[in-house]
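What follows is a short report on a single structure.
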Protein chains: 2
Amino acid sequence: MPLTLDDRKKMILKAVVDDYIATAEPVGSKSLVSRHQLPVSSATIRNEMAELEELGYLEQPHTSAGRVPSDKGYRTYVDELMEVETLPDDEARIIQDVLRANMAEVTGLIRSASSLLSEQTQYASLALSPKCCKNHLQQIKMLMIEPGRALVVVVLSAGLVKDRMVRIPEMLDSAQLMQIASAIEEGLQGMTLDDITLVAVSAAGKHTPLPDSLLNQVLYEAYVSIKQADNLEVYMAGSNKLLAYPEFADVARAKIALDTLAKEGMVAGYLSETREEADDSTYMIRIGQEIALAGLENCSFVTTTYKFGDTVAGRIGVIGPRRMSYAKVISNINFVRMNLNDQIRRLGAGID
Amino acid sequence: MPLTLDDRKKMILKAVVDDYIATAEPVGSKSLVSRHQLPVSSATIRNEMAELEELGYLEQPHTSAGRVPSDKGYRTYVDELMEVETLPDDEARIIQDVLRANMAEVTGLIRSASSLLSEQTQYASLALSPKCCKNHLQQIKMLMIEPGRALVVVVLSAGLVKDRMVRIPEMLDSAQLMQIASAIEEGLQGMTLDDITLVAVSAAGKHTPLPDSLLNQVLYEAYVSIKQADNLEVYMAGSNKLLAYPEFADVARAKIALDTLAKEGMVAGYLSETREEADDSTYMIRIGQEIALAGLENCSFVTTTYKFGDTVAGRIGVIGPRRMSYAKVISNINFVRMNLNDQIRRLGAGID
DNA sequence: TTTAGCACTCGTCGGTGTTGAGTGCTAAAG
DNA sequence: CTTTAGCACTCAACACCGACGAGTGCTAAA
């Protein structure tokens, strides 16, 4: 049994996947030759397809139906056979324009990149908020809103900013609050987020000449705010677009898939685990069963990473039916990735 | 033709709606008598139902099927017939606990109230962010993040806080930025948001001894931030739960409905328009065609308002199939509304 | 090795008959 | 005048049937 397919088999596999992606219907030998004007007869194709099935690249929904790609079939398709188009100018322009218009802030930038992907590909899209364990605390500010309430602003390296409303003792005034914040900031300057503990925050804050009774609550809230700044968040867009595809014609199946996607934590967890693998290639593809999430068996993920400086910060990608137009999705994702990294770099560098 | 139904007709209408809500299947005369142990025969019910149909309260999907409530039927059901249950203790407890845990900040509070509603009722829920044209600007702060970037924090009356990252000229230092912010704050102190114009902001800011070239960009960003603080936002949750109901068994219909809901702007606009009506009653119900949004013809909205102090600030509610369990939804919504208003009041008053 | 030919498979589609829950109507009983 | 038993009628849902056709595998000849 050959480990690699001969050229004709590759050619046929590619044709089958292409056709199935286009039509969503099992493709037969006869329609294949006519559609692609192959120089051989349908009988030959039949023999080849039978072999491809035996090798696990194709499947038959039932005897006397055409063939459908298996996970393995899709896999070799995306790894070896597919031709990635370059993005049409008009689509490229849209992406560039939208990203440029949203570059005031990282979160908004990523969110809009995600929406863009969904809009352009007509699949669902998702993005993970930037999270980098090597992130440093750069600043922490506390802003008095009214007696008893303050806004804690945490600035991480790479210019990522998060804030959070907290309750503080009513007796604290604005000046004291700022004093505490600077004490913490000084004490933790440059520490990585993982290294920051409640003890460390407390130690830093104790340099302030204030009674513990007032301090403790504030220090605790500061600690929580810092930790929360690094929380993994998910932005998802266009999941209802999936209902347009025939693989979701059955509402029950559709519901299972959408319910799974709605549990953002699950998807986030899954994607963040896969962080390390395949770092060299620009994108990562998970097909069907390769996704270990119940309910997404006939879906595929295509994701890529975006960077802060030169460290990977998060993922952004597309979720669609297994039978998705990988070529189109990948060209979009690559372009978005490039532009996203570009804008983030500019944002960090302060270029307008 | 009588303007009001006699007691027996009311009784029958109520029974039909109750049954249809429970089973999702057209209810016939025979099953009605057996289910409710009515003291009359099915023939009598048939006659009554025929009359109710003639009067427009019931509809027949086809001859020789049972009856289904019409919009008018649902309307009188919710207005006159339905018995609103009081919320079971355990559900009440959950709501109280979750809201209490989220009371650091208004936006989070409302968001969690919305999720709660969806979770408790198993329908979709949505909430509009607080927006009150009589809102005053209370504070505006600008926080230097790094040269060229600043965080603008806008505090409205009632303690609503919004912030936004902006670009500023690189030459500005932290002190200057604070100076500008206080100038704006002083100049606009107590103005309602509607009255604040770019001109007003500029006028307030010009008191600072800085060259126009530096000022203008900052003032513009401040203006945008203030305006944006009052933007209408929508939080939606659980829209995929709708797929569980038989009215959405047809994917095409389901898609239309979900697509409409996904256009958050549309729903927001629709709900905010209905703001004034029915202020006296605690909740507002829109049934089927009463909703003027294409795609939601067999859905219903049940919404209520929440308040900042004593002015209406926003809406929160549930979207479900027309055949929704109004009694359950209303008891949930009322309870959430009460607790939400309570927590908002405490939040404003600084009670913990 | 390729391919024409052929028998076979099986899902789809239209037609047909049955079932059953529902109706409206009529005529008798209360 | 209202109620109700009885009956004929309607119609969606379901199962069954046969024809159709796109597809297959196999065989034997080119």
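The basis for the numbers below is simple: all heavy atoms, side chains too, and nothing from hydrogens, waters or symmetry mates. Residue numbers begin at 1 in each chain, while the letters A, B, ... track the order of the sequences.
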Measure from [atom1] on [X] to [atom2] on [N] and round the result to the nearest Å.
X	N	atom1	atom2	value
B:Glu51	C:dT23	CD	C1'	15 Å
B:Glu25	D:dA12	CD	C1'	12 Å
B:Arg46	D:dC7	CZ	C1'	11 Å
A:His62	C:dG11	NE2	P	5 Å
A:Lys30	D:dG25	NZ	P	15 Å
B:Tyr20	C:dG22	OH	C1'	15 Å
A:Leu58	D:dG23	CG	P	14 Å
B:Met49	C:dG24	CE	C1'	12 Å

(message) Categorize B:Ser42 for me: base, sugar-phosphate, or nothing, with a 4.0 angstrom heavy-atom threshold over every strand shown.
(response) nothing

Mind listing the N/O atom pairs, protein and nucleotides 1-3 of chain D, below 3.5 Å?
{"unit_1": "D:dT3", "atom_1": "OP1", "unit_2": "B:Arg8", "atom_2": "NH1", "d": "3.1"}
{"unit_1": "D:dT3", "atom_1": "OP2", "unit_2": "B:Arg8", "atom_2": "NH2", "d": "3.2"}

(request) Please state whether the phosphate of C:dT23, meaning OP1 or OP2, lies under 4.0 angstrom from any side-chain nitrogen or oxygen of B:Ser29. (result) yes

(request) Verify the contact: side-chain N or O of B:Ser31 to OP1 or OP2 of C:dG22, cut-off strictly under 4.0 Å; return yes or no. (result) yes

Do [X] and [Y] have side chains that approach each other closer than 4.5 Å (heavy atoms only, starting at C-beta)?
X	Y	value
B:Pro246	B:Arg323	yes
A:Val17	A:Tyr74	yes
B:Leu38	B:Met11	yes

(request) Apply side chain to side chain contact (heavy atoms under 4.5 Å, CB included) to A:Asn332 and A:Val329, showing your working. (result) CA-CA 5 Å; A:Asn332 269 284; A:Val329 168; 5.8 Å; no

Counting only heavy atoms not in [X] (residues, nucleotides, ligands), do more than 12 fall under 6.0 Å from its [atom1]?
X	atom1	result
B:Glu80	CD	yes
B:Arg75	CZ	yes
A:Glu290	CD	yes

(message) Are B:Tyr57 and B:Tyr77, when compared by the centres of their aromatic rings, separated by less than 6.0 Å?
(response) no

(request) Please determine, for the side chain of B:Gln60, which listed nucleotide (C:dT23, C:dG22, D:dG25) has the closest atom? (result) C:dT23

(request) Can you figure out which of D:dT4, C:dT9, C:dG24 approaches the side chain of B:Arg67 most closely? (result) C:dG24

(request) Look at the side chain of A:Thr44 and the backbone N and O of A:Val40, then say whether any donor-acceptor pair between them is shorter than 3.5 Å. (result) no

(message) Distance criterion of 3.5 Å, no angle test: do you see the side chain of A:Thr63 paired donor-to-acceptor with the base of C:dT9?
(response) no

(request) Starting from Watson-Crick (N1-N3 plus N6-O4 or O6-N4) and G-U wobble pairs under 3.5 Å, report the runs of at least three that DNA chain D belongs to. (result) C:1-30 with D:1-30

